[in-house]
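Structure first, then comments.
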Amino acid sequence: MSDNPKYSMVVPIFNEAENVDRLLEEVIPAMEGLDGPFEVIAVDDGSTDSTYEKLKILRQKEPRLKIIRFRGNFGQTAAFSAGFAQALGETIITIDADLQNDPADIPALVAKMNEGYDIVSGWRYDRQDKFISRKLPSMIANKIISWTTKVHLHDYGCSLKVFHRDVVKNIDLYGEMHRFIPAVASWMGVKVAEVKVNHRPRTAGVSKYGIDRTIRVILDLITVKFLLSYSTSPIQIFGLLGLLSGSAGFFLALWLSFQKMVLGTPLSNRPALLLAVLLILVGVQLISIGLLAEMMSRTYHESQGKPIYVIKDILE
Ligand code: UDP
Ligand code: MG
């Protein structure tokens, strides 16, 4: 193993003891079909079954398999993040460990990548999951994500994706955010393509998620949208809302003052007065939050030396 791998596969694994043998059986030939050396990084996300022991046995026969073992269950996004940090390859491939994704699709995704894309995302056009609890919420979520992030994909939740190394090394992931990598990465101007992939029903082990994931995804979407649009200028959104609210309150208060002082109408039984006060206060608060967020954004970028841009090439 003198060569540095050209391809790094990252697989998050949580309690998939029944699947890891078959996973390797399918993944290794698919990776061998690529045009360069590869590594497979299995991230054991705190499994409590025999997943880790099984992986260790597999590694004895397959030195290209690397294992990262978490101390506890930190979640799929954290597992991806740990795998990305270790990945040596130029091209990073992600896949689920439960074999719902078909490793045989990998060469087609990589071929698409070589046409000049930075991200190629799998699209499970014939998804084999329950309709009410999985497919319907994800159909709705996909539409909302596509509309808000302006990165148009049919299927954000598909784990089978291929990334250029620069993409995963330039983004930070939190919460349930792995599905938003294409959207998060869009700030640095990536070219994204989508390829239809095979999807199979889970045959062993159990799904780790239920319908509650939809809510977490929507909340993370709000974060992603905010960070994408306003992270370097939060006053633009908070200030705008604050100005709208504050000026509405101001004009309402002006009108009420005119009624009281010029027309002599008593204000004691006027709920509009309460509304005016509320609008003004909310306006002041929103603008203050915007200013605080501006300072925090500067602290965030400057203290960590984070640039607000990503350079592709410099020609001198
Ligand atoms: N997974 C993980 N940590 C978790 C939950 C899931 O690493 O806390 C892994 C899991 O082992 C699988 C992948 O993430 O490889 C997707 O999980 P699952 O198949 O349960 O999700 P679904 O396909 O039902 O959306
Ligand atoms: Mg699955």
Side-chain angles (χ1 to χ4, degrees), residues 8-27 30 40-55 58 65-87 92-103 105-106 121-142 145 153-161 168 173-181 197-218 220:
S8 297
M9 167 172 272
V10 176
V11 204
I13 311 182
F14 178 53
N15 289 350
E16 306 281 5
E18 301 97 316
N19 286 317
V20 286
D21 291 319
R22 242 185 79 209
L23 176 73
L24 264 280
E25 259 165 48
E26 291 195 21
V27 153
V40 175
I41 303 175
V43 187
D44 174 14
D45 184 14
S47 295
T48 49
D49 62 2
S50 58
T51 297
Y52 179 68
E53 286 66 36
K54 291 221 164 159
L55 284 172
L58 286 166
L65 173 66
K66 298 174 184 168
I67 310 171
I68 299 174
R69 186 190 195 187
F70 280 177
R71 277 188 179 277
N73 179 227
F74 292 100
Q76 202 180 344
T77 297
F80 277 127
S81 192
F84 293 159
Q86 296 289 325
I92 320 278
I93 301 160
T94 59
I95 195 167
D96 278 348
D98 59 357
L99 289 157
Q100 289 198 263
N101 300 130
D102 188 347
D105 285 317
I106 293 169
S121 182
W123 168 16
R124 300 165 292 178
Y125 66 100
D126 185 18
R127 188 168 166 189
Q128 303 295 319
D129 277 317
K130 291 204 187 84
F131 184 76
I132 293 291
S133 63
R134 312 310 294 273
K135 289 208 281 191
L136 184 66
S138 98
M139 265 161 61
I140 299 169
N142 282 327
I145 298 171
L153 293 177
H154 292 90
D155 183 10
Y156 295 85
C158 182
S159 284
L160 184 54
K161 290 192 173 86
V168 301
L173 299 173
Y174 301 92
E176 285 289 306
M177 247 161 238
H178 59 271
R179 71 192 54 243
F180 298 121
I181 298 175
V197 296
N198 189 15
H199 194 244
R200 308 178 288 194
R202 210 187 228 279
T203 50
V206 291
S207 173
K208 310 300 179 295
Y209 300 103
I211 188 113
D212 57 307
R213 178 169 62 181
T214 315
I215 296 163
R216 286 187 281 143
V217 167
I218 296 295
D220 278 344

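Side chains included, hydrogens not; waters and symmetry mates left out as well; all remaining heavy atoms used. When a ligand or atom number is given, it counts from 1 through the structure's own listing order. From a predicted model like this one, the values you see are computed outputs, not experimental measurements. Positions are given from 1, in the same order as the sequence printed here.
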Inset, instruction - Output yes if Gln100 passes the N/O/S-under-2.8 Å test against the Mg ion (ligand 2); output no otherwise. - result: yes
Inset, instruction - Examine Val206 against ligand 1 and note whether any of their N/O atoms are separated by less than 3.5 Å. - result: no
Legend entry - Cationic N near anionic O, under 4.0 Å, Arg202 to Glu18: no
Legend entry - Under 4.0 Å to a heavy atom of Arg202 - the qualifying atoms of ligand 1, by number: 18 (P), 19 (O), 20 (O)
Inset, instruction - Answer side chain, backbone, both or neither: which part of Asn15 comes under 4.0 Å from ligand 1, heavy atoms only. - result: neither
Legend entry - Close side-chain approach of Tyr209 to Arg216, heavy-atom, < 4.5 Å: yes
Legend entry - Within 6.0 Å of NZ in Lys130, more than 12 heavy atoms from elsewhere: no
Legend entry - Protein heavy-atom partner closest to atom 14 (O) of ligand 1 - residue, atom, separation in Å: Gln76 CD, 3.2 Å
Legend entry - Worked check of side-chain contact (heavy atoms from CB on, under 4.5 Å) between Thr77 and Tyr174: CA-CA 7 Å; Thr77 297; Tyr174 301 92; over 6 Å; no
Inset, instruction - Give a yes/no answer: is there an N/O/S atom of Asp96 under 2.8 Å from the Mg ion (ligand 2)? - result: no
Inset, instruction - Could you tell me whether Asp45 approaches ligand 1 through its side chain, its backbone, both or neither, with non-hydrogen atoms closer than 4.0 Å? - result: side chain
Inset, instruction - For the Mg ion (ligand 2), find the closest N/O/S atom on Asp98 and give its atom name. - result: OD2
Inset, instruction - Could you tell me which non-hydrogen atom of Pro137 sits nearest to which non-hydrogen atom of Ile211, and how far apart they are? - result: CG-CD1, 3.9 Å
Inset, instruction - Please report the closest heavy-atom contact between Glu26 and Pro103, naming both atoms and the distance. - result: OE1-CD, 3.2 Å
Legend entry - Proximity to ligand 1 by part of Arg124, non-hydrogen separation under 4.0 Å: neither
Legend entry - Arg213: numbered ligand 1 atoms lying under 4.0 Å from its heavy atoms: 25 (O)
Inset, instruction - Looking only at protein heavy atoms, identify the closest one to atom 1 (N) of ligand 1 and say how far it is in Å. - result: Phe14 CB, 3.7 Å
Inset, instruction - Could you find the nearest protein heavy atom to atom 21 (O) of ligand 1 and give me its residue, atom name and distance? - result: Tyr209 CD1, 3.4 Å
Inset, instruction - Using a 4.5 Å cut-off on heavy atoms from C-beta on, say whether the side chain of Gln76 contacts that of Arg179. - result: no
Inset, instruction - Give the residue and atom name of whichever protein heavy atom lies nearest to atom 8 (O) of ligand 1, and the separation in Å to one decimal. - result: Asn73 ND2, 3.1 Å
Inset, instruction - Do me a favour and list the nearest non-hydrogen protein atom to atom 24 (O) of ligand 1 with residue, atom name and distance? - result: Ser207 OG, 2.7 Å
Legend entry - Nearest protein heavy atom with distance in Å, relative to atom 13 (C) of ligand 1: Asp96 OD1, 3.3 Å
Legend entry - Of the listed options His199, Lys208, Arg134, closest to atom 22 (P) of ligand 1 (non-hydrogen atoms): Arg134
Inset, instruction - Rounded to the nearest 0.5 Å, what's the gap from CG on Asn73 to CG on Asn15? Could you check? - result: 8.0 Å
Legend entry - Element-labelled atoms of ligand 1 that are located less than 4.0 Å from some non-hydrogen atom of Ile13: 7 (O), 11 (O)
Inset, instruction - Report the distance from atom CD of Gln128 to atom OG1 of Thr203, rounding to the nearest 0.5 Å. - result: 12.0 Å
Inset, instruction - State, to 0.1 Å, how close Leu55 and Leu65 come at their nearest heavy-atom pair, and which atoms those are. - result: O-CD2, 3.7 Å
Legend entry - Note, His199 side chain near Asn101 side chain (heavy atom, < 4.5 Å): yes
Legend entry - From Arg200 atom CZ to Asp102 atom CG, the distance as rounded to the nearest 0.5 Å: 4.0 Å
Inset, instruction - May I ask you to identify the nearest protein heavy atom to atom 19 (O) of ligand 1, giving residue, atom name and distance to one decimal place in Å? - result: Asp98 OD2, 2.5 Å
Legend entry - Distance-only N or O hit between ligand 1 and Arg127, under 3.5 Å: no
Legend entry - For atom 23 (O) of ligand 1, the protein heavy atom that lies nearest, with its residue and separation: Gln100 OE1, 3.1 Å
Inset, instruction - Report, in ascending order of atom number, the atoms of ligand 1 lying under 4.0 Å from any heavy atom of Gly75. - result: 3 (N), 8 (O)
Legend entry - Side-chain donor-acceptor contact under 3.5 Å, Asp155 with Ser121: no
Legend entry - Under 3.5 Å: N/O of Pro12 near N/O of ligand 1: yes
Legend entry - Parallel, tilted or perpendicular: rings of Trp123 and Tyr125 (30°, 60°): perpendicular
Inset, instruction - Within a distance under 4.0 Å of any heavy atom of Glu16, pick out the atoms of ligand 1 and give their elements. - result: 10 (C), 11 (O), 12 (C), 15 (O)
